[in-house]
Peer 1: 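Mind having a look at this structure? Questions to follow.
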Amino acid sequence: MAVKTIDPPELPTPYGWRQLAVGTGSRVVFLSGQTPRTAAGEPVGTGDLAAQTEQVYLNIAAGLAAAGATFDDVLRLTMYVKDWSLDKWDEIGAGVERAAARIGADLVRPTTLVGVATLAEPDFLIEIEATAIVA
């Protein structure tokens, strides 16, 4: 496995992410920010952060597969959430859980969450980019 995740006791206990990922591999994959659209370009989950989060993770999985990678290879995620507030965390978690069940993988990785005023399209509530390393 190219990525080992670590939550050292010297750092605060994370909720919904990992503190560190150590990668050993030969190919680095940078996946651009994925949005809540299907492969056909149809929007998913208008106004529904959990549904949009699920679709974004499914899109990440598809992008990783195209590069010969899986979520096991993901070093970190950067999550951009429109009008972020902590009460939205449960919706994001629900979307991640649904995506994890569909993908069949642990999707919890070191993650930076950035609250933003807007995203590329007005109906987007979330966008996530990924960095992976493949052995």
Side-chain angles (χ1 to χ4, degrees):
M1 187 179 283
V3 178
K4 177 182 177 185
T5 58
I6 306 167
D7 290 319
E10 298 82 10
L11 295 176
T13 302
Y15 56 96
W17 67 87
R18 298 283 177 244
Q19 288 288 12
L20 301 166
V22 178
T24 55
S26 58
R27 292 187 306 123
V28 179
V29 177
F30 296 95
L31 185 61
S32 67
Q34 296 302 299
T35 60
R37 287 195 177 275
T38 65
E42 296 296 320
V44 172
T46 301
D48 183 342
L49 182 56
Q52 288 195 14
T53 300
E54 179 181 5
Q55 184 62 48
V56 167
Y57 274 87
L58 295 175
N59 291 351
I60 292 168
L64 291 168
T70 70
F71 262 95
D72 287 340
D73 302 309
V74 172
L75 286 168
R76 70 177 311 229
L77 301 169
T78 303
M79 191 179 284
Y80 302 93
V81 181
K82 183 178 179 180
D83 299 324
W84 169 251
S85 61
L86 193 54
D87 62 314
K88 294 181 178 182
W89 187 250
D90 288 342
E91 292 177 79
I92 291 171
V96 172
E97 286 179 17
R98 292 194 316 235
R102 290 179 67 182
I103 295 167
D106 176 8
L107 308 183
V108 179
R109 293 290 179 263
T111 302
T112 298
L113 190 152
V114 181
V116 296
T118 190
L119 290 164
E121 294 187 23
D123 291 338
F124 291 170
L125 302 176
I126 189 166
E127 180 174 332
I128 304 174
E129 60 186 22
T131 304
I133 190 163
V134 183

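We number each residue from 1, following the sequence as shown.
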Peer 1: List the atom of W84, the atom of L113, and the distance in Å for their closest heavy-atom pair.
Peer 2: CD2-CD2, 3.6 Å

Peer 1: At what distance, to the nearest 0.5 angstrom, does CG of L11 lie from CD of Q19?
Peer 2: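 The distance works out to 5.0 Å.
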
Peer 1: Let me confirm one number: the OG1-CZ distance from T46 to F124, rounded to the nearest 0.5 Å.
Peer 2: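 Here the rounded value is 9.5 Å.
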
Peer 1: Quick one, V81 and I92 - any side-chain contact, counting heavy atoms below 4.5 Å?
Peer 2: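 A side-chain contact exists here, since the closest heavy-atom pair is under 4.5 Å.
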
Peer 1: With sequence neighbours left out, which residue pairs that include part of residues 50-81 fulfil the ring pair (Phe, Tyr, Trp, His ring centres under 6.0 Å) condition?
Peer 2: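 Qualifying pairs: Y57-F71.
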
Peer 1: Sub-3.5 Å donor-acceptor pair from the side chain of K4 to the main-chain atoms of T24, do we have one?
Peer 2: no

Peer 1: When clusters are formed by joining ILVMFWY residues with side-chain heavy atoms under 4.5 Å apart, either directly or through shared neighbours, do L64 and I126 land in the same one?
Peer 2: yes

Peer 1: Quick check: does any side chain N or O of D7 sit under 3.5 Å from a backbone N or O of R18, one acting as donor and the other as acceptor?
Peer 2: no

Peer 1: A side-chain contact here means heavy atoms from C-beta on lying under 4.5 Å apart; do T53 and E91 qualify?
Peer 2: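 The answer is no, as the side chains (C-beta and beyond) never meet within the 4.5 Å cut-off.
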
Peer 1: Which heavy-atom pair separates V44 from A51 by the least distance, and what is that distance?
Peer 2: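 Between these two residues, the closest heavy atoms are CG1-O, 4.0 Å.
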
Peer 1: Output the distance between atom CG (N59) and atom CD1 (I128), rounded to the nearest 0.5 Å.
Peer 2: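 Those atoms lie 10.0 Å apart.
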
Peer 1: Using a 4.5 Å cut-off on heavy atoms from C-beta on, say whether the side chain of D83 contacts that of K88.
Peer 2: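 With C-beta onward as the side chain, the pair touches.
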
Peer 1: State plainly whether one hydrophobic cluster holds both W89 and V114, where clusters connect Ile, Leu, Val, Met, Phe, Trp and Tyr through side-chain heavy atoms under 4.5 angstrom apart.
Peer 2: no

Peer 1: How close do V108 and D106 get, counting heavy atoms only, and between which atoms?
Peer 2: N-OD1, 3.0 Å

Peer 1: Considering non-hydrogen atoms only, spot the tightest contact between L119 and L125 and give its length.
Peer 2: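 Minimum heavy-atom contact is CD1-C, 3.6 Å.
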
Peer 1: Rounded at 0.5 Å granularity, tell me how far CD1 in I103 sits from CD in E54.
Peer 2: 8.5 Å

Peer 1: I want to check something: taking the side chain as every heavy atom from C-beta on, are D72 and V3 in contact at a cut-off of under 4.5 Å?
Peer 2: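 Not in contact.
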
Peer 1: Strictly distance-based, threshold 3.5 Å: is any side-chain N or O of Q52 a donor or acceptor partner for the main-chain N or O of D123?
Peer 2: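 Between the backbone of D123 and the side chain of Q52 there is a qualifying donor-acceptor contact (under 3.5 Å).
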
Peer 1: Could you tell me the separation between the OG1 atom of T131 and the CG atom of L75, rounded to the nearest 0.5 Å?
Peer 2: 7.0 Å

Peer 1: Check residues 27-41 and write down every donor-acceptor pair under 3.5 Å in which the side-chain atom is one partner and the other belongs to a residue at least two apart or another chain.
Peer 2:
residue	atom	partner	partner atom	Å
R27	NH1	A67	O	3.2
R27	NH2	A67	O	3.1
Q34	NE2	S32	O	2.9
R37	NH1	G41	O	2.5
R37	NH2	E121	OE1	2.4
R37	NH2	E121	OE2	3.4
T38	OG1	A40	N	3.3
T38	OG1	G41	N	3.4
T38	OG1	E42	N	3.1

Peer 1: Closest heavy-atom contact between V134 and G68?
Peer 2: CG1-O, 4.0 Å

Peer 1: When you measure from the side chain of R109 to the backbone N and O of V74, does any donor-acceptor pair fall under 3.5 Å?
Peer 2: yes

